[in-house]
Amino acid sequence: MEINIYIDVLFLTNYLFDSLLLWVTGRLLRTGLNPIYLLSAAAIGALYAVLSFFMKIPLWLSLSLRLMVACLMVMVAYRPRSLRIFCRFSAVFLVSSLTTGGSFLCLIYAGGIGARLGSVLYNGNLYINLPAYGILALFLSCFFLLRGLLSVSGRIRATGHNIVPLRICLGKRSVRLRGFCDSGNLLKGQDGRGVMITEERLVKPLLMQEGLWLTTVNYQTLQGKGRLRAFLPDAMYLEKGRALIPVTPLYVGLSSEPLDLYQHWDAVLPHNFEEVKNYEIQNQDPAAKAM
């Protein structure tokens, strides 16, 4: 059967699915994504797909070029600041591409669906003979499916770790937070006290008080170094039913970005908070403060 290849359809197909794979990689590595960088990187991948689709390239050269383009897309989308971070992002992006692309191809070609859609796979590039709205519908279906799977996996990870209810008090006001015991948080203030991180909007009632003293905490992430504004509350409690169990107050670092896309928790606790929590519960006076 003769199939007409339309360049705009070929570009759109690869552009949308490259965008999806870059988004999945960012979610898996839990890093912030700049939409402009992500879409620019996807455009590079789609442009390569169009150029390579109409060229006769040996398999070894096709694989080498695809690997180079994938690395370039990672550089543009995530702007890694070290070789180690670049290798990590590249590995996750390539694995996501292979697993997602392989699964998608299996579905397309199962039962002859690919033939009925007029699908063509050439030089590792997929062409689907669908109108633009059909490709968009297919992309949105895959997007929401992957988002649902990430949400489920996030809940599984969340239930596998300890999420504790907290109350942070400053002056005459208090806020309630759900703290996630994250072994990766090693932040400390200048006095060696641990730092928990939460979204600034959640503790806004505390920040509106007069005389609030803010400090800064240096941090380093996959994206580089920076400074985090923080304050020290007057008191901090673990909530156990109606009882409030006091713990040593931690610095509260303020983030302007959402911490958890699926809102399972809203504060990241220090890596050793689990030990502090167990110690406080075991040594708590029976006459714990009650609400």
Side-chain angles (χ1 to χ4, degrees), residues 27 30-32 150-221 226-285 288-291:
R27 297 315 310 165
R30 299 176 65 180
T31 186
L150 289 174
S151 177
V152 171
S153 65
R155 293 187 181 186
I156 293 174
R157 288 197 305 269
T159 55
H161 296 79
N162 203 359
I163 297 178
V164 295
L166 300 169
R167 176 160 295 191
I168 310 298
C169 303
L170 183 65
K172 296 181 180 181
R173 298 179 179 178
S174 66
V175 296
R176 300 178 66 184
L177 300 171
R178 293 164 297 167
F180 175 50
C181 298
D182 180 18
S183 60
N185 181 5
L186 302 176
L187 292 180
K188 291 185 180 295
Q190 294 180 354
D191 57 359
R193 190 188 299 260
V195 179
M196 61 177 286
I197 306 171
T198 189
E199 297 176 36
E200 184 173 345
R201 63 180 182 83
L202 299 176
V203 294
K204 195 171 183 179
L206 305 183
L207 301 177
M208 297 173 63
Q209 299 183 95
E210 296 183 1
L212 175 65
W213 179 75
L214 291 175
T215 185
T216 57
V217 177
N218 296 325
Y219 69 88
Q220 182 172 0
T221 67
R227 288 188 172 185
L228 193 70
R229 293 189 304 147
F231 69 92
L232 185 63
D234 295 332
M236 180 174 171
Y237 300 94
L238 286 170
E239 293 191 350
K240 296 285 289 184
R242 298 186 61 189
L244 296 178
I245 303 174
V247 295
T248 304
L250 303 167
Y251 282 107
V252 179
L254 306 175
S255 171
S256 59
E257 301 292 333
L259 296 178
D260 181 25
L261 178 66
Y262 305 107
Q263 300 180 350
H264 301 138
W265 40 267
D266 39 45
V268 181
L269 297 169
H271 75 290
N272 60 349
F273 185 79
E274 186 72 25
E275 300 172 12
V276 174
K277 188 194 71 168
N278 290 337
Y279 175 82
E280 295 289 348
I281 291 178
Q282 292 170 6
N283 295 274
Q284 175 62 31
D285 189 330
K289 184 176 180 181
M291 296 178 60

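Numbers for residues simply follow the sequence, beginning at 1.
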Quiz item: What do the steps show when you test L207 against F231 for side chain to side chain contact (heavy atoms under 4.5 Å, CB included), and what is the final call?
Solution: CA-CA 9 Å; L207 301 177; F231 69 92; 3.8 Å; yes
Practice problem: Can you see which heavy atom on G171 is nearest to which on D234, and at what distance? | Solution: N-OD2, 2.7 Å
Self-check item: Set of side-chain hydrogen bond (donor to acceptor under 3.5 Å, both in side chains) partners for R176, sequence neighbours left out
Solution: E239
Practice problem: Measure the spacing between CD of E199 and OG of S256 and express it to the nearest 0.5 Å. | Solution: 9.5 Å
Self-check item: Steps toward side chain to side chain contact (heavy atoms under 4.5 Å, CB included) verdict (L202, V175)
Solution: CA-CA 8 Å; L202 299 176; V175 296; over 6 Å; no
Quiz item: Got a second to check how far I197's CD1 is from L269's CG, nearest 0.5 Å?
Solution: 10.0 Å
Practice problem: For V217 and K188, work out which heavy atoms get closest and say how close. | Solution: CG1-O, 3.6 Å
Quiz item: What distance do L228 atom CG and E200 atom CD have between them, rounded to the nearest 0.5 Å?
Solution: 9.5 Å
Self-check item: Passing option when C169 is tested against P233, P246, S174 for side chain to side chain contact (heavy atoms under 4.5 Å, CB included)
Solution: S174
Quiz item: In Å and rounded to the nearest 0.5 Å, what is the CE to CD1 distance from M236 to I168?
Solution: 4.5 Å
Quiz item: Could you give the distance from OG1 (T216) to CZ (R227), rounded to the nearest 0.5 Å?
Solution: 4.5 Å
Quiz item: Sub-3.5 Å donor-acceptor pair from the side chain of T198 to the main-chain atoms of D266, do we have one?
Solution: yes
Practice problem: Hey, could you give me the CG/OH distance between L166 and Y237, rounded to the nearest 0.5 Å? | Solution: 12.5 Å
Quiz item: Among all residues two or more places apart in sequence or in another chain, which pass the side-chain contact (heavy atoms from CB on, under 4.5 Å) test with L232?
Solution: R193, P249, Y251
